[in-house]
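So the structure is just underneath, and the comments pick up after that.
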2 protein chains.
Amino acid sequence: MQDDDIANIMRALGHPVRLNILRFLASQQQRECCCGDVTDSLPLAQSTVSQHIKVLLDAGLIERKPHGTRNRYMIRHDRLSEIGTAFGGLLDGLNFQAPHKEAEPA
Amino acid sequence: MQDDDIANIMRALGHPVRLNILRFLASQQQRECCCGDVTDSLPLAQSTVSQHIKVLLDAGLIERKPHGTRNRYMIRHDRLSEIGTAFGGLLDGLNFQAPHKEAEPA
DNA sequence: CGAATTAATCGGTGAATTGCGATGAACATG
DNA sequence: CATGTTCATCGCAATTCACCGATTAATTCG
C-alpha cells in the first residue's frame, strides 16, 4: 500500500465523528443500517452525515448497498484487515532497529 | 485513549509529508537529526517542514531535544507502541461480532 | 560584543474541510 | 400518476490546512 493511500485512510480516520460512524456501523452490523439511522445517532444534520459517509466510502472503509429507497451501509472488514497489516508495517518500519521494545519493563 | 486523541494522531499521520518525515527520522535514528536535515530531504521550505514537525510533536509522535544551536528530533517509540495498541483495539472494536471473518468461506 | 547559524514563529494566500439548509433523483405505494 | 420517503448533492459560510517568505529568538564563535 502506497504512502498516499495510507495517508488517505488515516485522514479518513482522523475525525471523531467518522470514528463514531464506524463504531455505530460495527454495533449494528446485523440489522438494516442506513444513513438515517446513523444521523439519528449523532447531533448532526443529515447532509453532514452523508458527507462523512462519503469520506469513509472514498477511503474504502465502508460499502454501500442500495436497498429500495434507502442505502444500507456496512463496514468493509476485508479492508480493515488490510489496513491493520499496512499500519503494522508502517509502525514496524518506524521502529526500525529498536529491538524488543513493547515488553520493555523498565 | 480517547476518540479525540486517536483522531488527532490519525490526522497527524494523515499526510504523506509527515509520513516521510517519520520515516526519515527512523532511518537516521542514530545520527544527529535536525530540522535542516529533514528539510534537505524534502522539496519544501524550512518553515513548512517546521510546521509539519510541530504537528508530529503535538501528536506526541516525536520528541525535541535542543542541542546547541540546533534541535535534534527523534521518534517516540514508547508512543508508537501505545498507538499500535490503541489502533489494534480500534480495529478489533470495529470487527466486533464478526467471528472468523478473513477465512470466511461463503 | 558582533556576525553567523539554526529553526520557530508570524503574516498572508489559496485550497480543503466541516458544518448547514435546500434541492432533486430514485424508489415505493396508494 | 401523485405522494411520501430517503438520501446524495449543491450552494454557502466559517474554519482549518498547507505552503511560502520574512522575521525573530537562541546559541555559538571570533
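Quick note on labels: first sequence line is chain A, next is B, and so on, each numbered from 1. Please read all numbers here as calculations on a predicted model, not as lab measurements.
Counting to the nearest Å, the P atom of D:dT6 and the CZ atom of A:Arg70 are 5 Å from each other. Distance, B:Asn20 CG to D:dC19 P: 11 Å, rounded to whole Å. Rounded to an integer number of Å, the gap from B:Leu13 CG to D:dC17 C1' is 16 Å. For the pair B:Leu57 CG and C:dT9 C1', the computed distance is 14 Å after rounding to whole Å. Taking atom NZ of residue B:Lys65 and atom P of nucleotide D:dT27, one finds them 16 Å apart after rounding to whole Å. If you take CZ of B:Arg72 and C1' of C:dA7, they are 15 Å apart, rounded to a whole angstrom. Distance CG (A:Asp37) to C1' (D:dT5): 14 Å, rounded to an integer number of Å. In this structure, the CG atom of A:Leu42 is 13 Å from the C1' atom of C:dG19, given to the nearest Å.
For B:His52, whose side chain is taken as the heavy atoms from C-beta onward, the closest listed nucleotide among C:dG19, D:dA18, D:dC7 is D:dA18. The side chain of B:His15 has D:dC19 as its nearest neighbour among D:dC19, C:dC20, C:dT9. Which of C:dG21, C:dA7, D:dA8 sits closest to the side chain of A:Ala45 comes down to C:dG21. With distances taken from any side-chain atom of B:Ser47 to the nucleotides C:dA8, D:dG21, D:dC17, the minimum falls on D:dG21. Nearest nucleotide to the side chain of A:Arg64, out of C:dG19, D:dA8, C:dA7: D:dA8. Among the nucleotides C:dA7, C:dT18, D:dC19, the one closest to the side chain of B:Gln51 is D:dC19.
For the pair B:Thr69 and A:Val49, both in contact range of DNA chain D, the more 5′-proximal nearest nucleotide belongs to A:Val49. Residue order along DNA chain D, read from the 5' end via each residue's closest nucleotide, puts B:Val55 first among B:Val55 and B:Gln46. Toward the 5′ end of DNA chain C lies the nearest nucleotide of B:Lys54, the other residue of the pair A:Arg18 and B:Lys54 mapping further downstream.
Atom-to-atom distance recorded for A:Glu63:CD and A:Leu57:CG is 9.0 Å, nearest 0.5 angstrom. Atoms CG and CD, from A:Asn8 and A:Gln2 in turn, are 11.5 Å apart once rounded to the nearest 0.5 Å.
Within the 4.0 angstrom heavy-atom criterion, only backbone atoms of the sugar-phosphate kind lie near B:Leu44; the bases stay farther away.
Dashed line: the shortest gap from a side-chain N or O of A:Asn71 to OP1 or OP2 of D:dA8 is under 4.0 Å. Phosphate proximity of C:dT17 to B:Arg11: absent, as no side-chain N or O sits under 4.0 Å from OP1 or OP2. Of the side-chain N and O atoms in B:Ser50, none sit less than 4.0 angstrom from OP1 or OP2 of C:dA7.
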Legend entry - Verdict with supporting geometry, B:Leu94 and A:Arg23, side-chain contact (heavy atoms from CB on, under 4.5 Å): CA-CA 6 Å; B:Leu94 295 181; A:Arg23 278 202 238 277; 4.0 Å; yes
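Checking B:Leu25, B:Leu80, B:Ile21 one by one against B:Ile62, the side-chain contact (heavy atoms from CB on, under 4.5 Å) holds for a single residue, B:Leu25.
For the residue pair A:Ala86 and A:Met1, the shortest heavy atom distance occurs at CB-CE, 4.0 Å.
Cluster annotation: B:Val55 is not connected to B:Leu22 through the hydrophobic network of ILVMFWY side chains, with a link wherever side-chain heavy atoms come within less than 4.5 Å.
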